[in-house]
Amino acid sequence: MFAIAHNSILRDSLAGILQLGPERVFDEYRPPPFTGNLVVGVEDLRDANLRFAVRYFLANVEKSIYLFIVKQEWSENDEKFFDDLVKTEYRRAHDLNQVAIDRVNKLPDNEWKTDRLEQLNDWRTIPAINYSLLTLNDNLKNQIDGLAKIRACAISDDEDQLTSKPPVLHWTADPLEGEIQFIAQLNFPLSGPDDSTFREICRLLKPRFESCYEWTGGILLTSDPVRLHVQRFSDTQIEFAARICVDELEGDEADRPMRFIWPYLAVSLKQAVQILSEHPHLQYSISFVPFGSIFFKDSEIEARVFDATVFCSTALKYDKVGFRVADAVHHVDIKHIFPDGTYSSLSRLLSMNPPSPKFSRPDSVNDSISPSFISEPPTPGGLVAPHNRGRRVSFGTIKLMSDTQSAPEIPILNGNDDGGVKTVDAFIDKMLQQTMDQLAV
């Protein structure tokens, strides 16, 4: 059981009466750590916590959980107001669903359209949620126990051990120069899954990648040359962002970087969709967000959000996708997003598999592996520092203006007793000093 209340006095009262620890009491609505009964303490029935809680229950209506609304005192107008609030949220859910159906119905016939319509129609009917209006008093716990048995469920030990620090040194807010990014978003019109479900999605992805760094807000996964950043940005959005540095690729690889990215995005979406299918009323949509001028015909466009069904249906029918910004029409470079052609259906996309996580490449690119692809020991926090690849950076050249030709020196690693260079660092320092001396002449 969890409790929510904006008012600190009311929140403390609920925690004390219901005997809840601080990890189960919140001041604002958030996806609970796991599915359970929810107590919302309010002074005003217009409290936003109440609306979000009702939406959470609409998305989890098949579960045997109760919503308890606790107030100091209730009037007939209060009870009617809350009944109307619940009806309003049901109507909102129906309207959002109908808008989505109407939009998809306008698309050309294909498997993307058929599958999405079937999914939306399954979500049209939402059964009644379980809720009770209770008064704050010392007998509140017994009342709740009588209506819905409180199940003792501990917070996961694994969750307690996770750091709260995101991998800021390994993942920047925006792609770096030379990188491209492609995002797949899961958007939840009612409410997203609880934390335990989100963590399950993250952890099922770990065996698919060479290294990972997990924190309370998500997970960063790496399989050279692709990095996948999975994060929950709000209670209604989960984002899978895949990046690759094009400067690290060569030849055909650099021309078609999405061939590396799609297998990893596909397996990530597949795991998420499979987990979400266990929650039949947890409605969602998928969006694609290409990030990088390589994905657009006009170089001034950097990013754009597209509904996945609309995007792929349009690309299949017309082999192009356009969008309007102000009065100008811009187009997506379909061949850079789908180098092997647009996927005929979501199931076809999700059937892709990345290479096994031992330094192999996708089937669509060169399978030859350099002997230098050797596993490195993990660094603290679970991240592995890759040493097999590096960005090609040119610092220019310096020509030494010397009258005499000398043989190139070789760094001496083991040292000697004649004053020679003993380390690579010392050798580099010596070479830099020689260069500066020559330039100073």
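Just so you know, these numbers use all the heavy atoms, side chains as well, and skip hydrogens, waters and symmetry mates. Quick caveat: nothing in here was measured; it's all calculated off a predicted structure.
Side-chain contact of His6 with Asp27: a donor-acceptor pair under 3.5 Å is absent, judged by distance alone. Between the side chains of Asp194 and Ser196, a donor-acceptor pair is found at a separation under 3.5 Å. For the residue pair Asn142 / Asn139, a side-chain donor-acceptor distance below 3.5 Å is found, with atom types taken as modelled. Side-chain contact of Lys63 with Asn60: a donor-acceptor pair under 3.5 Å is present, judged by distance alone.
Salt bridge Glu43/Lys71: absent, no basic N to carboxylate O contact under 4.0 Å. Here Glu179 pairs with Arg227 in a salt bridge; the nearest charged N to carboxylate O distance falls below 4.0 Å. Salt-bridge annotation for Arg30 and Asp195: present, with a side-chain N of the basic residue lying under 4.0 Å from a carboxylate O of the acidic one. Salt bridge present: Lys113 and Asp109 bring a charged side-chain N and a carboxylate O closer than 4.0 Å.
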Fill in: Check against salt bridge (Lys or Arg N to Asp or Glu O under 4.0 Å), Asp102 and Lys106
CA-CA 7 Å; Asp102 293 342; Lys106 296 177 182 178; over 6 Å; no

Item to complete: Determine, step by step, whether Arg124 and Ile101 satisfy the side chain to side chain contact (heavy atoms under 4.5 Å, CB included) criterion, reporting the C-alpha distance in whole Å, the side-chain angles of both residues, the deciding distance to 0.1 Å, and the verdict.
Response: CA-CA 10 Å; Arg124 286 182 68 85; Ile101 290 175; 3.3 Å; yes

Practice prompt. Take Arg91 and Asp95 through the test salt bridge (Lys or Arg N to Asp or Glu O under 4.0 Å) and record every step on the way to the result.
Written response: CA-CA 6 Å; Arg91 186 161 53 249; Asp95 291 346; 5.4 Å; no

Discussion item. Working note: Asn49 + Glu28, criterion side chain to side chain contact (heavy atoms under 4.5 Å, CB included); need CA distance, chi angles, decisive distance, verdict.
Written reply: CA-CA 6 Å; Asn49 282 335; Glu28 292 184 346; 4.2 Å; yes

Fill in: Lys87 and Asp83: CA distance, side-chain angles, deciding distance, salt bridge (Lys or Arg N to Asp or Glu O under 4.0 Å) verdict
CA-CA 6 Å; Lys87 292 176 183 177; Asp83 288 340; over 6 Å; no

Practice prompt. Just do the side chain to side chain contact (heavy atoms under 4.5 Å, CB included) check on Phe68 and Val40 with the steps written out, would you?
Written response: CA-CA 6 Å; Phe68 300 101; Val40 181; over 6 Å; no

Worksheet item: Can you check ring-ring contact (aromatic ring centres under 6.0 Å, His included) on Phe2 and Phe34, steps first, answer last?
Response: CA-CA 10 Å; Phe2 306 95; Phe34 50 85; 5.0 Å; yes

Item to complete: Check the pair Thr172 / Arg243 against side chain to side chain donor-acceptor pair (under 3.5 Å), numbers first and verdict last.
Response: CA-CA 11 Å; Thr172 53; Arg243 281 184 195 171; 3.2 Å; yes

Discussion item. Applying side chain to side chain contact (heavy atoms under 4.5 Å, CB included) to Phe188 and Leu276, what does each step give before you reach the verdict?
Written reply: CA-CA 11 Å; Phe188 303 88; Leu276 295 179; 4.0 Å; yes

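Without hydrogens or angle criteria, Asn97 side chain to Ala93 main chain gives no donor-acceptor distance under 3.5 Å. In this structure a side-chain-to-backbone donor-acceptor pair under 3.5 Å is present from Arg199 to Gly218. Not one N or O on the side chain of Thr114 forms a donor-acceptor pair closer than 3.5 Å with the backbone of Glu111.
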Residues 282-289 side chain polar contacts: donor-acceptor under 3.5 Å, at least two apart:
residue: Tyr284; atom: OH; partner: Gln119; partner atom: NE2; Å: 3.1
residue: Ser287; atom: OG; partner: Asn187; partner atom: ND2; Å: 3.2

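Rounded to the nearest 0.5 Å, atoms SG (Cys312) and CZ (Arg116) are 12.5 Å apart. Rounding to the nearest 0.5 angstrom, the gap separating the NE2 atom in His331 from the OH atom in Tyr318 is 12.5 Å. Taking CD1 of Ile9 as the reference point, atom CG of Asn7 lies at 5.5 Å (rounded to 0.5 Å). In this structure, CG in Leu67 is found 9.5 Å from CG in Asn37, a value given to the nearest 0.5 Å. Rounding to the nearest 0.5 Å gives a distance of 9.5 Å between CE of Met258 and CD1 of Ile244. Summarising the geometry, atom CZ belonging to Arg256 is positioned 6.5 Å from atom CG belonging to Asp340; distances are rounded to the nearest 0.5 Å.
For the pair Leu134 and Ile69, the minimum side-chain heavy-atom distance is 4.5 Å or more. For the pair Pro257/Ile294, a side-chain contact is recorded, criterion being any heavy-atom separation below 4.5 Å from C-beta on. Counting only heavy atoms from C-beta outward, the side chains of Ile219 and Lys206 approach each other to under 4.5 Å. Side-chain contact between Leu133 and Phe82: present, with at least one pair of heavy atoms (C-beta onward) separated by less than 4.5 Å. Between His279 and Glu62 there is a side-chain heavy-atom pair separated by less than 4.5 Å. The side-chain heavy atoms of Asn130 and Ile65, taken from C-beta on, include no pair separated by under 4.5 Å. For the pair Phe260/Glu253, a side-chain contact is recorded, criterion being any heavy-atom separation below 4.5 Å from C-beta on. At a threshold of 4.5 Å between non-hydrogen side-chain atoms, the residues Pro175 and Phe291 count as touching.
Taking the ring centroids of Tyr66 and Phe57, they lie at or beyond the 6.0 Å cut-off. Aromatic pair Trp112/Tyr343: ring centres not closer than 6.0 Å.
Shown here are the salt bridge (charged side-chain N to carboxylate O under 4.0 Å, His left out) partners of Arg348, two or more places apart in sequence or in another chain: there are none.
Here the shortest heavy-atom pairing between Ile126 and Leu190 reads CD1-CD1, 4.3 Å. Closest non-hydrogen pair, Asp78 versus Leu45, comes out as O-CD1, 3.2 Å. Taking all atoms of both residues into account, the shortest heavy-atom contact from Pro193 to Pro31 is O-CB, 3.5 Å. Lys297 and Val332 make their closest contact through CE-O, 4.0 Å (heavy atoms, listed as atom of the first residue, atom of the second, distance).
For the side-chain contact (heavy atoms from CB on, under 4.5 Å) test with Glu214, the passing option among Leu220, Leu162, Val230 is Leu162; the others fail. Under the ring-ring contact (aromatic ring centres under 6.0 Å, His included) rule, Phe182 has a single partner from Phe338, Phe306, Trp262, which is Trp262. Of the candidates Tyr264, Tyr213, Phe240, Trp215, Trp215 is the only one forming a ring-ring contact (aromatic ring centres under 6.0 Å, His included) with His229.
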